[in-house]
Protein chains: 2
Amino acid sequence: MLLLKELPTSQSLQKLSARYPTINIRAVVDFIVLLRASSDISQALDKLLAKHGLLQGRWWILILLLRQTDYSSSPTDLAEKAGVTKASITGFIDSLQAEGLVTRVEDPTDRRKYVIQLTALGLKKLDSIVPDYNHKISELMSTLSLTERDQMLSSLKTLVSHLERLG
Amino acid sequence: MLLLKELPTSQSLQKLSARYPTINIRAVVDFIVLLRASSDISQALDKLLAKHGLLQGRWWILILLLRQTDYSSSPTDLAEKAGVTKASITGFIDSLQAEGLVTRVEDPTDRRKYVIQLTALGLKKLDSIVPDYNHKISELMSTLSLTERDQMLSSLKTLVSHLERLG
DNA sequence: AGTTTATTGTTAGGTACCATAATATTTACT
DNA sequence: AGTAAATATTATGGTACCTAACAATAAACT
């Protein structure tokens with residue numbers, strides 16, 4: 001998603017303030033700095049996954065399967081847990097199946113259903129990524145103390161719980 | 001971007017820990033909570049903009065133009081400040097121009113160049129959005145004290161400055 | 001038992017947001 | 001004058017979504 005690299009300068013803020021006198025500059029700047037940082041972190045994760053030949057969509061589907069008993073789940077369940085439509089899940093499954101990382105297994109009790117399951121190859125792939133992923137995430141997060149992390153996450157949760165103020 | 005709605009449960013974490021004993025659970029959970037919050041905030045902004053008939057890409061281009069003297073800038077400059085390629089900018093400009101929000105003005109001194117400028121309609125559109133946007137962002141951010149915001153942003157900046165640890 | 005309703009997953013078609021590579025035009029350099 | 005560099009666009013393609021319509025099946029109702 002497009003997001004400005006260039007944060008507002010004091011000059012451009014003065015300009016904005018002149019045209020929109022009621023603006024709360026501090027709030028608007030804080031907000032964009034927050035968005036910018038979030039986006040940078042997400043993009044860094046993209047880059048890490050790309051090194052392992054994965055993209056975010058497929059990655060999170062694999063992680064969801066890893067969490068399940070038998071490493072398997074239904075498309076509907078995956079859709080709910082991933083927060084996308086079933087139609088979107090179909091695409092991800094197609095792509096993962098094409099690489100042999102998951103299979104569609106027919107449900108014996110209900111012929112409408114499929115069980116999506118990690119293959120041995122899929123699990124092997126995760127084994128080759130997750131330890132490295134864990135280590136790097138741990139390295140990154142350890143640049144903050146536990147207290148700082150608590151405070152940061154607590155603030156973020158406060159914001160999230162008030163997001164209806166934007167709508 | 002796909003991002004899990006479903007955060008890990010203690011059960012799934014135990015499972016993960018069994019398979020990957022070196023995992024730093026706290027770090028991995030903190031990281032996904034951070035991503036989840038960031039994504040929620042970004043999506044809430046999408047929703048706010050959608051109400052005004054805009055999407056993030058076009059919105060940020062308009063904001064960039066608003067910051068410039070004469071509300072105008074070159075495609076190359078916009079590309080740099082937005083952090084996308086010039087080819088991508090061409091698409092955004094096409095779309096904005098189709099709605100009459102910006103114009104392409106030929107540069108009199110260099111016939112390769114165009115100046116992208118907000119139209120009166122574009123400015124009117126911003127005038128109809130920005131005060132509302134400002135007010136809502138201000139409302140949202142005011143759920144945190146200035147100190148909390150400072151701490152949160154400072155922590156985020158620390159993380160961003162160490163992102164090379166992921167790569 | 002037969003009909004309607006609901007559920008499951010896929011397909012079809014479309015949009016937004018990006019990238020790379022190739023191209024045309026124009027300017028700058030030597 | 002000839003080559004190199006810069007500017008913007010087009011062409012092409014990929015990822016990540018969506019909605020709406022569909023086919024198959026199962027469940028509920030009468």
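Only a predicted model underlies this, so the values are computations on that prediction, with no experimental measurement involved. Just so we're on the same page: letters track the sequence lines, and every chain starts at 1.
Residue contacts for A/Arg58: at a heavy-atom cut-off of 4.0 Å it reaches no nucleic acid atom on any strand shown. Using a 4.0 Å heavy-atom criterion, one finds that A/Lys113 contacts the sugar-phosphate atoms exclusively.
Using a 4.0 Å cut-off between charged nitrogen and carboxylate oxygen, A/Lys157 and B/Asp40 do not count as a salt-bridge pair. For the pair A/Glu99 and A/Arg58, the salt-bridge criterion is met [side-chain N within less than 4.0 Å of a carboxylate O]. Between A/Asp107 and A/Arg111, no side-chain nitrogen of the basic residue sits less than 4.0 Å from a carboxylate oxygen of the acidic one, so the salt-bridge criterion is not met. Under the 4.0 Å criterion applied to side-chain N and carboxylate O atoms, B/Arg26 and A/Asp150 are assigned as salt-bridge partners.
Computed from coordinates, the A/Asp94 CG to D/dT15 P distance equals 13 Å when rounded to whole Å. Taking atom OH of residue B/Tyr114 and atom C1' of nucleotide D/dT10, one finds them 13 Å apart after rounding to whole Å. Residue A/Met1 contributes atom CE, which lies 15 Å from atom P of D/dC18 at whole-angstrom precision. In this structure, B/Leu3 atom CG and D/dT15 atom P are separated by 19 Å, rounded to whole Å. The separation between B/Lys86 atom NZ and D/dT10 atom P is 14 Å, rounded to whole Å. For the pair B/Ile116 CD1 and D/dA8 P, the computed distance is 8 Å after rounding to whole Å. Taking atom CD1 on B/Ile89 and atom P on D/dA8, their separation rounds to 11 Å, with Å as the unit. Put simply, CG on A/Leu54 is 18 Å from P on D/dG14, counting in whole angstrom units.
Of the two residues contacting DNA chain D, namely B/Ser74 and A/Phe92, the nearest-nucleotide position lying further toward the 5' end is that of B/Ser74. Comparing A/Leu2 and A/Asp77 along DNA chain C, the residue whose closest nucleotide (by nearest heavy atom) sits nearer the 5' end is A/Asp77.
In this model, the phosphate group of D/dA8 is not approached by any side-chain N or O of B/Arg104 to a distance below 4.0 Å at OP1 or OP2. For D/dA16, neither phosphate oxygen OP1 nor OP2 lies less than 4.0 angstrom from any side-chain nitrogen or oxygen of A/Ser88. Between D/dC18 and A/Thr85, a contact under 4.0 Å exists linking OP1 or OP2 to a side-chain N or O.
The base of D/dA6 is paired with the side chain of B/Arg112 by a donor and an acceptor separated by under 3.5 Å.
A/Leu34 CG to B/Leu156 CG: the interatomic distance, rounded to the nearest 0.5 Å, is 6.0 Å.
Of all nucleotides in DNA chain C having an atom under 4.0 Å from a heavy atom of chain B, the first and last in 5' to 3' order are C/dA16 to C/dT27.
At distances below 3.5 Å, not a single donor-acceptor pair connects side-chain atoms of B/Lys47 with backbone N or O atoms of B/Ser42. Side chain of B/Asp110 to backbone of B/Arg112: a donor-acceptor contact under 3.5 angstrom is found.
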